[in-house]
Student: 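One structure, as C-alpha cells, below. Some questions next.
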Amino acid sequence: MGVAKKILVIPGDGIGQEVTAWGQKVLSAIAENFKHEFTFEEGIMGHVAIEATGNPLPDETLEKARKSDAILFGAIGHAKYDNDPTLKVRPEQGLLKIRKELGLYANLRPIKLFDELLEASSIKPEILRGSDILFFRELTGDVYFGEKNRTADRNTASDLMIYHRYEVERIARKAYEAARTRRSKVCSVDKANVLEASRLWREVVQEVAKEYPDVETEHMFIDNAAMQLIKDPKRFDVVVTGNLFGDILTDEASQIAGSMGMLASASIGDSTGFYEPIHGSAHDIAGKGLANPLASILSAALMLDISFGLKTESQRVIKAVEATLRQGYRTMDIANKHTENALIMGTDAMGGKVLENLN
C-alpha cells in the first residue's frame, strides 16, 4: 500500500529553478515505481518573490508550506543584493522567516563521499577515503536571529549572539539520537574559551551527554574543528554546533564531497521538513544548463527517508546516483583531468542519466 504526500516545491532563484526540477522528477518516478501518491504545489521565495510581490516570503507560499508534508527548495540570492548592502528587503530574509515560522531548528547535512569522486576533491584521496560525517547545525538562534544595531553615524554595528538553554538541548538530543544509529560519537563545536554563548552551549551539551552514556562526547573549539575537518575528516561521526559555526563548517566540508553540487541538507523541527542542496543560486551559471542536479536529487532522497520514512525508496535514489557516477558521467564541477569530454554533461543530461538508473 502506497502513501499519499503533499510536497511544496520552491525553486527559488538562479540555478535553484534548474536543479529542483530534477529533484521533483525523481520524486515523481519513485511515486510511480512504488505506487505512492505524491502531489506537488509550487511557491515562490527569495529574489523572484521580491520582484513579483515585494516580499521575500509571500503569505501564500507560507500558507502552502504549513499545509505540506515536506518542502523541496532550490536556492536563494541574487548579485544585486551582494553588491548593495544597503537594501532593506533581501532574499535571505525569506529563508530565515520560513525556518522560524515552521520551527525548523535543526539542519542536517550528511557529508558522505562517493568513492567515484575521490579525485574531485582538492584533498588527498588517502585522507578522504571512508569519511562519513553527519552535521547538526542549530538554525533558529545565534547571531542570525539576535538583535542587530547600527549607530546613527553608520560607523559602528553589532549583532547579538544569543542562545537559550532549550534551543541547545533540543538539537543536542537529536544529535545524540542520531549518533546511536551510527558510530556513537558526538563532537560539539563551540568557542567556549571566548564567548559566553558558547559557554552556555558547552554546559548544556555536557548535561545532555549524561543521558547518553553509550555515546562518546568530544568538545572542540571552532578554529581547531575547521583544521581537523581538513586534516583528518574520518575522525568525525556526528558534529553538533551553532548556526554561525555550522554555516561555515558545512561549506568547508563540501570539499570532502568534492563539490557543493553533491551535498543535500534537511531542515527539520517537529512537523514539516525542508529539503535543499547546500549550494547557492550561482547566478554566474544560471540559465546555461551547467548546474549539478545531484544535490537536489539527494535532497529528495533525504525527504523520502526523514519525512516519509521510506528508506527503501531513499536508498534506490542514492544507488541511482552512485550508478551514474560509476558509469563515469560528471558535471563540470565534479569532473577532473581524467574525465573524458564525452562524459561531461549539463544539468538535464545528468538528471536524465539518474532517472535511467532509477527505473
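Just so it is clear, the structure is predicted and the values come from calculations on it, not from any experiment. Throughout, numbering of the chain's residues begins at 1 and tracks the sequence.
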Student: Are K97 and P56 close enough that some pair of their side-chain heavy atoms sits under 4.5 Å apart?
Tutor: no

Student: Run the salt bridge (charged side-chain N to carboxylate O under 4.0 Å, His left out) test on D223 and K191 for me, step by step, so that the C-alpha distance in whole Å, both residues' side-chain angles and the decisive distance to 0.1 Å come before the verdict.
Tutor: CA-CA 8 Å; D223 38 3; K191 192 62 177 170; 2.9 Å; yes

Student: Does the side chain of S184 come within less than 4.5 Å of D237's, by heavy atoms?
Tutor: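 D237 vs S184: side chains apart.
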
Student: Check for a donor-acceptor pair, side chain of S299 on one end and backbone N or O of A264 on the other, with a separation under 3.5 Å.
Tutor: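 Absent.
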
Student: Just wondering, are more than 12 heavy atoms of other shown residues or ligands nearer than 6.0 Å to CD in E340?
Tutor: no

Student: Considering non-hydrogen atoms only, spot the tightest contact between F236 and C187 and give its length.
Tutor: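 In this case the closest contact between F236 and C187 is CE2-SG, 3.8 Å.
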
Student: Checking side-chain polar atoms at under 3.5 Å, does T140 have a donor or acceptor matched by the opposite partner on E138?
Tutor: yes

Student: Is there a donor-acceptor contact under 3.5 Å linking the side chains of Y212 and T217?
Tutor: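 T217 and Y212 do not have a side-chain donor-acceptor pair below 3.5 Å.
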
Student: Ion pair present between R109 and D251, side-chain N to carboxylate O less than 4.0 angstrom?
Tutor: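 Yes.
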
Student: Side chain to side chain contact (heavy atoms under 4.5 Å, CB included) for V239 and E218? Distances and angles first, verdict last.
Tutor: CA-CA 9 Å; V239 177; E218 179 181 19; over 6 Å; no

Student: For the side chain of D142 and the backbone of L244, is there at least one donor-acceptor N/O pair under 3.5 Å apart?
Tutor: yes

Student: Does this structure show an ion pair linking D132 with R183, if we count only N-O contacts that are shorter than 4.0 Å?
Tutor: no

Student: Start with the C-alpha distance between L108 and K174, add both sets of side-chain angles, then the distance that settles side chain to side chain contact (heavy atoms under 4.5 Å, CB included), and finish with yes or no.
Tutor: CA-CA 10 Å; L108 282 64; K174 283 197 177 290; 5.6 Å; no

Student: Provide the closest heavy-atom pair for A65 versus L102 in the form atom of the first, atom of the second, distance.
Tutor: CB-CD1, 4.1 Å

Student: Measuring only between side-chain heavy atoms, which start at C-beta, is I334 closer than 4.5 Å to L325?
Tutor: yes

Student: Tell me whether M220 at atom CE has more than 12 heavy atoms from other residues, nucleotides or ligands lying less than 6.0 Å away.
Tutor: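 Yes, because the 6.0 Å sphere around CE of M220 holds more than 12 heavy atoms from other groups.
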
Student: Looking at CG of L57 and CG of L95, how far apart are the two atoms once the value is rounded to the nearest 0.5 Å?
Tutor: 9.5 Å

Student: Exactly one of H36, Q315, R316 should register a side chain to side chain contact (heavy atoms under 4.5 Å, CB included) with L310. Which one does?
Tutor: H36

Student: Using atom types as modelled and distance alone, determine if a side-chain donor or acceptor of T53 lies under 3.5 Å from a backbone N or O of N55.
Tutor: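 The answer is yes, because a donor-acceptor pair under 3.5 Å joins these two groups.
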
Student: Are the side chains of W22 and S296 in contact, using a 4.5 Å heavy-atom criterion?
Tutor: no

Student: Could you grab the distance from atom OG of S307 to atom OH of Y275, nearest 0.5 Å is fine?
Tutor: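 S307 atom OG to Y275 atom OH measures 2.5 Å (nearest 0.5 Å).
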
Student: Testing the basics here: between V9 and Q24, what is the closest heavy-atom pair and its distance to 0.1 Å?
Tutor: CG2-OE1, 3.5 Å

Student: What's the separation between atom CG in L294 and atom CD in E322, rounded to the nearest 0.5 Å?
Tutor: 11.5 Å

Student: Will you find, in the side chains of T151 and D153, an N or O donor that is under 3.5 Å from an N or O acceptor?
Tutor: yes

Student: Are V189 and I256 linked, directly or through intermediate hydrophobic residues, by side-chain heavy-atom contacts shorter than 4.5 Å (ILVMFWY only)?
Tutor: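 Result: yes, single cluster for both.
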
Student: Kindly determine whether D84 and K80 satisfy side chain to side chain contact (heavy atoms under 4.5 Å, CB included), including the steps that lead there.
Tutor: CA-CA 6 Å; D84 188 354; K80 167 184 175 180; 5.9 Å; no

Student: Using a 6.0 Å cut-off, check whether atom CD of E60 has over 12 heavy atoms from anything other than its own residue.
Tutor: no

Student: Just so I know, are the side chains of I50 and Y81 near enough to count as touching, which here means a heavy-atom distance under 4.5 Å?
Tutor: yes

Student: Do the side chains of E203 and R165 get close enough for a salt bridge, i.e. N-O under 4.0 angstrom?
Tutor: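 A salt bridge is present here (some side-chain N lies under 4.0 Å from a carboxylate O).
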
Student: Starting at CG of L128, measure out to CG of L117 and round the result to the nearest 0.5 Å.
Tutor: 10.5 Å

Student: Side chain to side chain contact (heavy atoms under 4.5 Å, CB included) between I15 and H279: does it pass, once the steps are laid out?
Tutor: CA-CA 9 Å; I15 64 169; H279 60 66; 3.6 Å; yes

Student: Between the side chains of S68 and E41, is a donor N or O closer than 3.5 angstrom to an acceptor N or O?
Tutor: no

Student: Please confirm whether K100 makes a cation-pi placement over F145, using NZ or CZ under 6.0 Å from the six-membered ring centre and within 45° of the ring normal.
Tutor: yes

Student: Any idea which heavy atoms bring N33 and L358 closest together, and the distance?
Tutor: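 Taking every non-hydrogen atom into account, ND2-O, 3.8 Å.
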
Student: Look up atom CD1 in I7 and atom CE in M303, then write down how far apart they are to the nearest 0.5 Å.
Tutor: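 The distance works out to 5.0 Å.
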
Student: Should the ring pair Y166 and H164 be called parallel, tilted or perpendicular, given that the plane angle runs from 0 to 90° and is split at 30 and 60?
Tutor: parallel

Student: Using atom types as modelled and distance alone, determine if a side-chain donor or acceptor of E147 lies under 3.5 Å from a backbone N or O of S158.
Tutor: no

Student: Answer yes or no: is there a donor N or O on one side and an acceptor on the other, between the side chain of D305 and the main chain of A301, under 3.5 Å?
Tutor: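 Pair absent, no side-chain N/O of D305 close to backbone of A301.
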
Student: Would R173 and E177 count as a salt bridge (charged side-chain N to carboxylate O under 4.0 Å, His left out) if you check the C-alpha gap in whole Å, the side-chain angles of each, and the deciding distance to 0.1 Å?
Tutor: CA-CA 6 Å; R173 287 200 173 91; E177 292 293 337; over 6 Å; no

Student: If you measure from CZ on R330 to NZ on K353, what distance do you get to the nearest 0.5 Å?
Tutor: 13.5 Å

Student: Spell out, yes or no, whether L249 and I133 are grouped together once hydrophobic residues are joined by side-chain heavy atoms under 4.5 Å, including indirect joins.
Tutor: yes

Student: Is there a side-chain contact between T331 and T347 in this structure, where contact means two heavy atoms from C-beta onward sitting under 4.5 Å apart?
Tutor: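 Result no, sub-4.5 Å side-chain heavy-atom pair not found.
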
Student: Is there a path of hydrophobic side-chain contacts, each under 4.5 Å between heavy atoms of I/L/V/M/F/W/Y residues, joining Y105 to L200?
Tutor: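 No, it is not one cluster - the side chains of L200 and Y105 are not joined through contacts under 4.5 Å.
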
Student: Grouping I, L, V, M, F, W and Y whenever their side-chain heavy atoms are under 4.5 Å apart, do L27 and L8 come out in a common cluster?
Tutor: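 Shared cluster, no.
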
Student: Please check if the number of heavy atoms outside K234 that lie under 6.0 Å from its NZ is greater than 12.
Tutor: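 Count over threshold, so yes.
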
Student: Given 3.5 Å as the limit, does a donor-acceptor pair link the side chain of E37 with the main chain of V3, or not?
Tutor: no

Student: Does atom CG of N193 have more than 12 heavy-atom neighbours, drawn from other residues, nucleotides or ligands, at distances under 6.0 Å?
Tutor: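 Yes, because the 6.0 Å sphere around CG of N193 holds more than 12 heavy atoms from other groups.
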
Student: Hey, can you tell me if F40 and F38 have their rings parallel, tilted or perpendicular (30° and 60° cut-offs)?
Tutor: perpendicular

Student: Any ion pair linking K6 and D69 (charged N to carboxylate O, less than 4.0 Å)?
Tutor: no

Student: With side chains defined as the heavy atoms from C-beta onward, is the minimum distance between V204 and Y163 less than 4.5 Å?
Tutor: no

Student: Does some side-chain heavy atom of V48 sit less than 4.5 Å from a side-chain heavy atom of Q17?
Tutor: yes

Student: Between K148 (side chain) and V143 (backbone), is there a donor-acceptor pair under 3.5 Å?
Tutor: yes

Student: Against N243, only a single residue in E167, R99, R137 fulfils side-chain hydrogen bond (donor to acceptor under 3.5 Å, both in side chains); can you say which?
Tutor: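 Single pass found, and it is R137.
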
Student: Using atom types as modelled and distance alone, determine if a side-chain donor or acceptor of D115 lies under 3.5 Å from a backbone N or O of R129.
Tutor: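 Checked: no pair found.
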
Student: Ignoring hydrogens and angles, tell me if any N or O in the side chain of H78 forms a donor-acceptor pair with the backbone of G46 under 3.5 Å.
Tutor: no

Student: Given D190 and S198, is the side-chain hydrogen bond (donor to acceptor under 3.5 Å, both in side chains) satisfied, shown in steps?
Tutor: CA-CA 5 Å; D190 58 39; S198 276; 5.0 Å; no

Student: Has K185 got more than 12 heavy atoms of other residues, nucleotides or ligands less than 6.0 Å from its NZ?
Tutor: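 Enclosed: over 12 neighbouring heavy atoms sit under 6.0 Å from NZ of K185.
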
